[in-house]
Amino acid sequence: MIEKYLDAMMNGDYTTLATLFAKDCIIRDCSPMLLGQKAKTICGRPAVDMLYHHKFVYGLTRAAHGRKCSETTADLFMIQYGMYITSVVTIEETDRDGLIHRLTIRPA
Amino acid sequence: MKTCAITGASSGIGAATKQVLQKKGFEVFNIDLKDGDLNVNLATKDGRAAAIKALHEKYPDGLDALICCAGVSSGTAGASLIAAVNFYGATQILTGCFDLLEKKRGFAVAISSNSITQPGTPMHMVDMFLDVEDEDYVMKAIGDVTPENAHSIYTSSKYALALWVRRHAPSWAAYGVNLNAVAPGNVETPMTNALDEVSRTMMSALPVPTRYGTDKILQPDEIAQPVAFLCTEEARGVCGTVLFVDGGNDALLDGGRL
């Protein structure tokens with residue numbers, strides 16, 4: 001699943017990205033803190049779809065490079081608002097269908 | 001006939017909302033500690049589970065609206081009860097009944113408070129409510145809050161509830177359920193009538209522009225009408241909003257921000 005996540009992020013494919021998540025998923029994204037912003041929490045698969053659609057199309061977020069570290073973690077190098085950010089992505093929990101229920105993005 | 005479940009409709013804003021909705025043709029089911037159609041204690045996990053189960057049994061085809069109005073204040077309750085009812089009592093009922101709302105493309109409203117914008121709201125407590133999913137852990141931490149600081153738990157629980165609504169509203173809307181919050185100002189209710197003298201003095205010093213020249217505060221019906229509106233198709237375009245219904249208090253005290 002972490003590989004599918006990385007592929008979707010690298011390709012800017014918000015539609016596929018959303019399908020990896022459970023209906024009641026939670027993404028806790030702490031990477032904006034590196035830019036002096038607050039951490040963001042995204043709740044629900046449609047929100048993942050809509051928000052990443054917005055971020056990718058507006059060029060607010062772009063994954064420059066991703067590296068799988070384990071079955072549940074990856075390093076993700078992103079460009080957000082023009083700034084280069086390194087993060088660690090962790091699939092904290094999946095549901096019984098194997099979809100991501102909880103994902104955390106921490107600044108590296 | 002449209003159906004609506006309300007927590008805390010035995011008195012105050014909830015009771016007024018029930019009346020407004022009944023006049024609009026809704027069948028209203030009241031869940032409260034007493035004098036309800038179902039009497040449960042929403043401060044407890046068992047109480048919330050019983051409420052969710054009862055609603056599923058009574059409305060298997062879905063709910064048109066759900067309003068979480070049950071709440072307690074620092075003038076009448078300690079920190080733990082405030083947290084348990086105001087935040088968990090609302091969010092868990094909403095989460096537990098989402099499927100019923102989804103069936104009917106229903107509307108959900110959580111009652112927050114206009115006190116959330118007051119300076120001094122402990123944001124670390126707001127974050128704890130929102131991001132620490134272990135209720136027992138949070139309740140244990142809140143257990144250390146002294147009675148004098150219970151108001152900080154009131155504002156943080158209501159703030160967290162408003163943010164919880166905003167976090168979940170977009171996805172809920174994608175599934176056809178409109179979720180919003182209403183932030184009432186001070187209202188003449190049993191809760192505010194039971195405040196201690198210090199709290200009442202503080203409350204009277206909060207201006208209500210629509211009541212300028214009097215010492216009166218808002219009436220429950222003034223809150224009930226907007227809440228009921230948010231449960232109708234006319235409000236389908238309203239999503240994830242925290243609607244301040246406080247007679248202009250927040251605009252006066254903090255009109256420099258949105």
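A note on names: the letters A, B, ... follow the listed sequences, proteins ahead of strands, and every chain is numbered from 1. Keep in mind that the numbers below use all heavy atoms, side chains included, and drop hydrogens, waters and symmetry copies.
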Query raised in the report: A/R45 versus chain B, heavy atoms under 4.5 Å apart: side chain, backbone, both or neither?
Result: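 Backbone plus side chain of A/R45, per the 4.5 Å heavy-atom cut-off to chain B.
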
*Considering only heavy atoms, which portion of A/I42 lies under 4.5 Å from any heavy atom of chain B: side chain, backbone, both, or neither?*
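The answer is neither part of A/I42.
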
Could you pull out all residues at least two apart from B/N180 that satisfy side chain to side chain donor-acceptor pair (under 3.5 Å)?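 For B/N180 there are no side chain to side chain donor-acceptor pair (under 3.5 Å) partners, ignoring immediate neighbours.
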
- Provide the full list of salt bridge (charged side-chain N to carboxylate O under 4.0 Å, His left out) pairs with a residue in residues 157-180 of chain B, sequence neighbours left out, each pair given once.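 Qualifying pairs: B/D131-B/R167.
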
| request: Hey, could you give me each pair passing side chain to side chain donor-acceptor pair (under 3.5 Å) that has a residue in residues 53-64 of chain A? Not counting sequence neighbours. | output: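 Every pair satisfying side chain to side chain donor-acceptor pair (under 3.5 Å) with a residue in residues 53-64 of chain A: A/Y14-A/H53.
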
query = Can a donor-acceptor pair be found between the side chains of B/Y159 and B/Q118 at a distance below 3.5 Å?
reply =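 There is no such pair between these side chains.
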
| query | Which one, B/P170, B/A169, B/S171, leads in non-hydrogen pairs under 4.5 Å with chain A? | reply |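 Ranked by contacts with chain A, first place is B/S171.
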
Lys/Arg cation over aromatic B/Y175: A/K23, 6.0 Å, 45° cone: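 Because its charged atom sits under 6.0 Å from the ring centre and within 45° of the axis, A/K23 does stack over B/Y175.
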
Is there a side-chain contact between A/D75 and A/H65 (heavy atoms, below 4.5 Å)?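 No, side chains not in contact.
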
Exercise for review: Mind telling me whether B/Y154 and B/H151 have parallel, tilted or perpendicular rings, with 30° and 60° as the class edges?
Suggested key: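 Correct class here is parallel.
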
Electrostatic pair A/D7:A/K68 at N-O distance under 4.0 angstrom:
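A/K68 and A/D7: not salt-bridged.
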
Review point. Just checking heavy atoms, which of residues 88-108 of chain A are less than 4.5 Å from chain B?
Key: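 Expected list: A/R102.
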
Check your understanding: So which of A/A47, A/A39, A/G44, A/C43 has the largest heavy-atom pair count under 4.5 angstrom toward chain B?
Key ->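 Heavy-atom pair counts peak at A/C43.
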
